[in-house]
Protein chains: 2
Amino acid sequence: MSLLQLESFVVIAEEGHVGRAAQRLHVSQPPLTRRLRALEDELGVSLFARTPRGMTLRPDGERLLTHAREILARVDTARRAFAPSAGPPAAGPSKSG
Amino acid sequence: MSLLQLESFVVIAEEGHVGRAAQRLHVSQPPLTRRLRALEDELGVSLFARTPRGMTLRPDGERLLTHAREILARVDTARRAFAPSAGPPAAGPSKSG
DNA sequence: TCAAATTACGGTCGACGTAAGGATC
DNA sequence: GATCCTTACGTCGACCGTAATTTGA
């Protein structure tokens, strides 16, 4: 399980469409299908129901979606904590001003 | 930032020693040094102070350590939610009993 | 001098993109 | 017949391990 797989999964779930998800992620469909496939294989469950109009989240997929969002949110928080755009929230302002 | 980098960082921080961390992670020192290096480079900060006896966590490193532990804990929770060893906590037991 | 981290180098595995295939309505 | 997901194939990049180099008390 990698962050890339998790993010790919979330986007596919949001779009309900591998092609659309691929556009959002700036990759082609095959890599996305494979990432999802690898994730399902590792977890040993089927995350989506394949329909002729796209992908529908299954119960296991909905459960993973919750976990995935939390993980990605934490990662985003960590990244922001070190982003140069804004100072850390708890370190206090510099006394230079 | 990858889960592998985060896990590597945490182990190095715990051991204060790349060599020991490498043993725990079943890899040699160079890959571990590179993972840490890539993480520091991506974050734009120095996580450890290099000393002749090992590595000492710096303020930025301590901050990241907190984030990293939370992220890895969430990932572990997600994995357990799909682990075949135990059923999901909220799905209820099978009606077979 | 001694211990530890880091960089250089070659080899192997994984991931991507294009093209072809299978399935459903 | 059209749309979408999936698999096959060739190529490139990333990561690993061994060996050599640099760093710091």
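All values derive from a computational prediction rather than experimental measurement. By convention in this document, chain letters (A, B, ...) are assigned in the order of the sequence lines, proteins followed by strands, and residues within each chain are numbered from 1.
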(message) Of the listed nucleotides (C:dT6, D:dT7, C:dA5), which one gets closest to any side-chain atom of A:Thr33?
(response)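 Nearest listed nucleotide: D:dT7.
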(request) Flag the pair B:Arg80 and B:Asp76 as a salt bridge only when some basic side-chain nitrogen lies within less than 4.0 angstrom of an acidic carboxylate oxygen. (result)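 B:Asp76 and B:Arg80: salt-bridged.
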(request) Run the salt-bridge test on A:Glu14 and A:Arg69 with the 4.0 Å N-O cut-off and return the result as yes or no. (result)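 The answer is yes: the pair qualifies as a salt bridge.
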If I take atom [atom1] in residue [X] and atom [atom2] in nucleotide [N], what distance separates them, rounded to the nearest angstrom?
X: A:Ile12; N: D:dC5; atom1: CD1; atom2: C1'; value: 11 Å
X: A:His26; N: C:dA15; atom1: NE2; atom2: P; value: 21 Å
X: B:Asp41; N: C:dT6; atom1: CG; atom2: C1'; value: 14 Å
X: A:Gln29; N: C:dA15; atom1: CD; atom2: P; value: 18 Å
X: A:Leu47; N: D:dC5; atom1: CG; atom2: C1'; value: 15 Å
X: A:Leu36; N: D:dC4; atom1: CG; atom2: C1'; value: 14 Å
X: A:Arg37; N: C:dC16; atom1: CZ; atom2: P; value: 16 Å
X: A:Arg20; N: D:dT3; atom1: CZ; atom2: C1'; value: 14 Å

(request) Could you pull out the closest heavy-atom pair between B:Ile12 and B:Phe48, with the gap in Å? (result)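 Closest heavy-atom pair between B:Ile12 and B:Phe48: CG2-CZ, 3.7 Å.
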(message) Against B:Thr66, only a single residue in B:Glu70, B:Glu62, B:Arg63 fulfils side-chain contact (heavy atoms from CB on, under 4.5 Å); can you say which?
(response)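 When B:Glu70, B:Glu62, B:Arg63 are each tested with B:Thr66, the side-chain contact (heavy atoms from CB on, under 4.5 Å) holds only for B:Glu70.
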(message) Strictly distance-based, threshold 3.5 Å: is any side-chain N or O of A:Glu15 a donor or acceptor partner for the main-chain N or O of A:Ala21?
(response)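 Flag not set: sc A:Glu15 to bb A:Ala21 has no pair under 3.5 Å.
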(message) Using only atom types and a distance under 3.5 Å, with no angle test, would you say the side chain of A:Gln29 pairs donor to acceptor with the backbone of A:Gly19?
(response)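 No; judged by distance alone, with no hydrogens or angles, the pair does not exist.
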Pull out every protein N or O sitting under 3.5 Å from an N or O of nucleotides 11-16 of chain D, one pair per line with the distance.
from, atom 1, to, atom 2, distance (Å)
D:dC16, OP1, B:Arg35, NE, 3.2
D:dC16, OP1, B:Arg35, NH2, 2.3

Any N/O pairs under 3.5 Å between the protein and nucleotides 20-25 of chain D? List them or say none.
none

(message) Is it the case that atom CZ in A:Arg79 sees more than 12 heavy atoms from other parts of the structure closer than 6.0 Å?
(response)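 Correct, the count exceeds 12.
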(message) Are B:Leu57 and B:Leu25 connected into the same hydrophobic cluster when the rule is that any two of I, L, V, M, F, W, Y join if their side-chain heavy atoms are below 4.5 Å apart?
(response)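 In one cluster with B:Leu25: B:Leu57, yes.
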(request) Name all residues meeting the side chain to side chain donor-acceptor pair (under 3.5 Å) criterion together with A:Arg20; count only those two or more places apart in sequence or in a different chain, and write none if there are none. (result)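 A:Arg20 satisfies side chain to side chain donor-acceptor pair (under 3.5 Å) with no residue once adjacent residues are dropped.
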